[in-house]
Amino acid sequence: METPEGQPEVAGDAELIARVRNGDLEAYGELYARHHHAAERMARQLVPANDADDLASDAFAKVLDALRAGGGPDISFRAYLLTTVRRVHVDRIRSGKKVQSTDDIASYEREPETFDDPTVTGFESGAAAKAFASLPERWQAVLWHTEVEGEKPAAIAPLLGLTANGVSALAYRAREGLRQAYLQQHLADVAGDRCRWTTERLGAYVRGGLTKRENRNVREHMDDCAKCTAVYLELVEVNSALPALLAPALLGTAGIGYLAAASGAKVGLVGFVVTGWRKVTENSTRTAVGAGAVVVVAIAAVLAAMALTGNDTPQASIDKPATQQPTQPPAQKPTVPPVNPPSAKPPSAKPPASNPTTAPTTAPTTAPTQPTPTPTATTPVPTPPPATPTPTPTKPPPTTPVLDEALVTISMPGGGGSPAFEGTRAAAAGIRFVITIKTPAANANPVVIGLKYGAELGWPLNGNPPGWVCTPSAGTCTASNPAAPAPLPITFDAPTGGSAADRTFTVSAKTGRLYDDDSATVQAAPSTDENLLKILAGKADPDVHHRIITVAPRTDRTKVTLKLSYGSALEWPIAANPAGWTCSSKTRTCTALNPARPASLPANFDVPEDSSTSARTFTVAATADLVSDTDSEVLPAVQQDESLLQILTPTPQTDPNPFVYNRFLKVNGAGGRKVTLDISWGKNLTLLPVWGAGWTCDRTSDIRRATCWTNSYQKPLNSEWNAWLPGNGSNNQITVHARLGGREDTDTAQIPPTSSRR
């Protein structure tokens, strides 16, 4: 979950549930802290206050056992817990119903005969209950917390692992999904094309999303159609009275008290029924009987939804066809009223019987009789000609595509109870998703899904997973069992970069007239690519280590950065403003101006002196978006070159000072370059402080040693010596060590020499 900068990330309920399934009891403690107040509030609606804590604790223990066994909720912990509180209470009462001999029957007179909610019995097939049960679990969870418990998005965000804005967006999609699922339940029962045209647009009609002409057509049809009016009123109730719908669906009649205890509001089931009845009667007296009965049935049907089911994420389509919405509904055949219509009875407000059925009761088969007026002689009654039966043409089945928001769902299975699927790559090799297809009952139409994915992704299947036949070249898979398609696991190799579009895949599903699609973005994780960075040797040069740093090209890359580090014997090796790069010697970094195809970067190291390995080592770390690579090299120290240095004795013709011993220190091949000379001598000799032009010398008076250097060698250094005593040993010997780039050389000479020359 995204969190504001500087704040720790808070685990959502789904993450905590997965950790509990993996044996982390501390995660269950966090769930207990979040939800135990709600469990106790529910328990107080069922048992006395002093027993509420025990009932809540037993419910928590039941949920923990379910999670350890791989069952229980995946996301909606609160609703599952509250349902468990109610069921534990019922189990307690049932376990106490044992046959006992007693003389005092008074204490058992109030024992209920059954603990099934009588309002719920017989209504498990209600359209509203089915619609809510068909929603993904995450939608059910956000509807519960926002609509039933009235919590703010900021308070719900930690529970669902989202931001506050994400909770608001999810709640909007869940409410829209509930309306669409409810309408889908009714479409199967719509007989006429005119009713189907209206029912398919009722969702947009409630939201005010139709054109003026379509609005007028819908209103005119509902004025003449009690059934469509009833569906409309139920849809309005689903849209505006979710707390009164959802709480009893999970908690039975105790849900009303739970809502009142949570918010202090006076909520009543009877008031909700009366509200629905009032909306019916205010609309039209012609539709009151049928619509009112349907509203009562729908309310009772919602009470039958006893558990949350479903998966995650809303949906959107495969080869999404153009929406066909004619501005004019199908034509309706005119009807001829009877000559003597029977009188209509006024609507009855009598509530349904104790065992209501799943649909409004049918009208009486026999209409009230009415005496037929006797024709007089002056007013003969015409005899209509016998009607010729017209054969009813067989209508072709409808072919208009229907968007089913719950047809396809993409989820990422967490730890714990996730099954191990065959036919996919190992989870460690990539990122795993599960595609779930929810088809209508007894579906016989082929179920085909299509997979499309960005440039950073590849075909996510190996072979045919159980229950599917896949064709990688076409990017499609067909379910072997259209009535109950098996979950389809897919695993994408972890992407190493690219834009969100490059890492997004779309799953499109189609079966019969139904279609849907869903998309997800695979998150790229940091990774190492040994082929990203290369350090190549440049031109051969004994005095400079030339290196060329290269980064492999890749499209859709946003940034490439190199960071250099090196030992104490080395210095910053990059020239100012290298082509294609922006470099800083202060931060020791270089950034490519063209991340997709970085230019080669030259690095020139001066040859280090003899030193430790670490002092002569340099390292280059390359980062290209989320991909990285690191290479290192130990540079060799200076090399011995016997031809580098010469100590020359001048001839009488070239001797600049005949009163001292002159020695010319010549470095071969050093023209214009930096040269360093280290000079030491014996105790019978003295180096005179006379230096040639362009040379700088540093000597220590108490030590017979001097260092002379020039940054641009032009001619040999002339050193002048005095000899106090003659001799052939080390006391009369000078030693010179010369260094030029990566080469060095050491020579010695005797003063005075053994020959006659000075």
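- Side-chain atoms of Tyr80 do not come within 3.5 Å of backbone N or O of Ile75 as any donor-acceptor pair.
- In this structure, Ala39 and Leu81 approach most closely via the heavy-atom pair CB-CD2, 3.8 Å.
- Side-chain N or O atoms of Lys510 include one that pairs as donor or acceptor with a backbone N or O of Gly512 at under 3.5 Å.
- Side-chain atoms of Arg503 come within 3.5 Å of backbone atoms of Val522 as a donor-acceptor pair (strictly under, hydrogens ignored).
- The two residues Arg21 and Gly72 have their closest heavy-atom pair at NH2-O, 3.5 Å.
- In summary, the side chains of Thr504 and Thr521 do present a donor paired with an acceptor at a separation below 3.5 Å, with no hydrogens or angles considered.
- Using a 4.5 Å heavy-atom threshold, the side chains of Tyr28 and Leu67 count as touching.
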### Query
Can you list the steps and then say if Lys438 with Asp516 is a salt bridge (charged side-chain N to carboxylate O under 4.0 Å, His left out)?
CA-CA 11 Å; Lys438 184 180 291 186; Asp516 187 20; over 6 Å; no
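- In summary, the side chains of Thr511 and Asn443 do present a donor paired with an acceptor at a separation below 3.5 Å, with no hydrogens or angles considered.
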### Query
Can you check side chain to side chain contact (heavy atoms under 4.5 Å, CB included) on Trp197 and Asn217, steps first, answer last?
CA-CA 10 Å; Trp197 185 93; Asn217 292 334; 3.8 Å; yes
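- By the 30° and 60° cut-offs, the orientation of the rings of His35 relative to His145 is tilted.
- You'll find the side chain of Val408 stays beyond 4.5 Å of the side chain of Thr436, heavy atoms only.
- Residues passing the side chain to side chain contact (heavy atoms under 4.5 Å, CB included) test with Ala474, sequence neighbours excluded: Thr471, Thr476.
- The structure places CZ of Arg19 at 4.5 Å from CG of Asp24, a figure rounded to the nearest 0.5 Å.
- By the 4.5 Å heavy-atom criterion applied to side chains, Val63 and Phe77 are counted as neighbours.
- Here the side chains of Arg34 and Leu16 are in contact, with some heavy-atom distance below 4.5 Å.
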### Message
Between Val142 and Arg138, does the side chain to side chain contact (heavy atoms under 4.5 Å, CB included) criterion hold? Intermediate values first, please.
### Response
CA-CA 6 Å; Val142 75; Arg138 201 168 195 180; over 6 Å; no
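- Looking only at distances, a side-chain donor or acceptor of Trp468 sits under 3.5 Å from a matching main-chain atom of Ala486.
- The distance from atom CG of Leu82 to atom CE of Met42, rounded to the nearest 0.5 Å, is 6.5 Å.
- Here the side chain of Arg86 pairs no donor or acceptor atom with the backbone of Leu46 at under 3.5 angstrom.
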### Query
For Cys470 and Cys477, what are the C-alpha separation, side-chain angles and deciding distance, and is it a disulfide (SG to SG under 2.5 Å)?
CA-CA 4 Å; Cys470 298; Cys477 290; 2.1 Å; yes
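- When all heavy atoms are compared, the tightest approach of Leu451 to Pro460 is CD1-CG, 4.0 Å.
- Here the rule is side chain to side chain contact (heavy atoms under 4.5 Å, CB included) with Leu488, and of Val434, Ile449, Ile410 only Ile449 fits it.
- The line from CG of Asp493 to CD1 of Ile431 is 9.5 Å long, rounded to the nearest 0.5 Å.
- Here Met222 contributes atom CE and Cys195 contributes atom SG; the two are 11.5 Å apart, rounded to the nearest 0.5 Å.
- Side chains of Pro446 and Pro482 form no contact here, defined as non-hydrogen atoms less than 4.5 Å apart.
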### Task
Give the intermediate values and the outcome of side chain to side chain contact (heavy atoms under 4.5 Å, CB included) for residues Phe433 and Val507.
CA-CA 11 Å; Phe433 296 84; Val507 180; over 6 Å; no
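- Between Ile490 atom CD1 and Ile435 atom CD1 the span is 4.0 Å, to the nearest 0.5 Å.
- Contact detail for Val469 and Ser480: the closest heavy-atom pair is CG2-OG, 4.4 Å.
- Between Phe505 and Phe492, the ring-plane angle classifies as tilted under the 30° and 60° cut-offs.
- Contact between Pro487 and Pro489 at its shortest, heavy atoms only, is O-CD, 3.3 Å.
- Side-chain contact between Thr211 and Asn215 is absent, with no heavy atoms from C-beta onward closer than 4.5 Å.
- By the 4.0 Å N-to-carboxylate-O rule, Arg78 lies too far from Asp13 to be salt-bridged with it.
- Using a 4.5 Å heavy-atom threshold, the side chains of Val85 and His89 count as separate.
- Side-chain contact between His221 and Cys228: present, with at least one pair of heavy atoms (C-beta onward) separated by less than 4.5 Å.
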### Task
Determine, step by step, whether Val20 and Leu64 satisfy the side chain to side chain contact (heavy atoms under 4.5 Å, CB included) criterion, reporting the C-alpha distance in whole Å, the side-chain angles of both residues, the deciding distance to 0.1 Å, and the verdict.
CA-CA 8 Å; Val20 172; Leu64 177 59; 3.8 Å; yes
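- In this structure, Glu214 CD and Arg219 CZ are separated by 12.0 Å, a value rounded to the nearest 0.5 Å.
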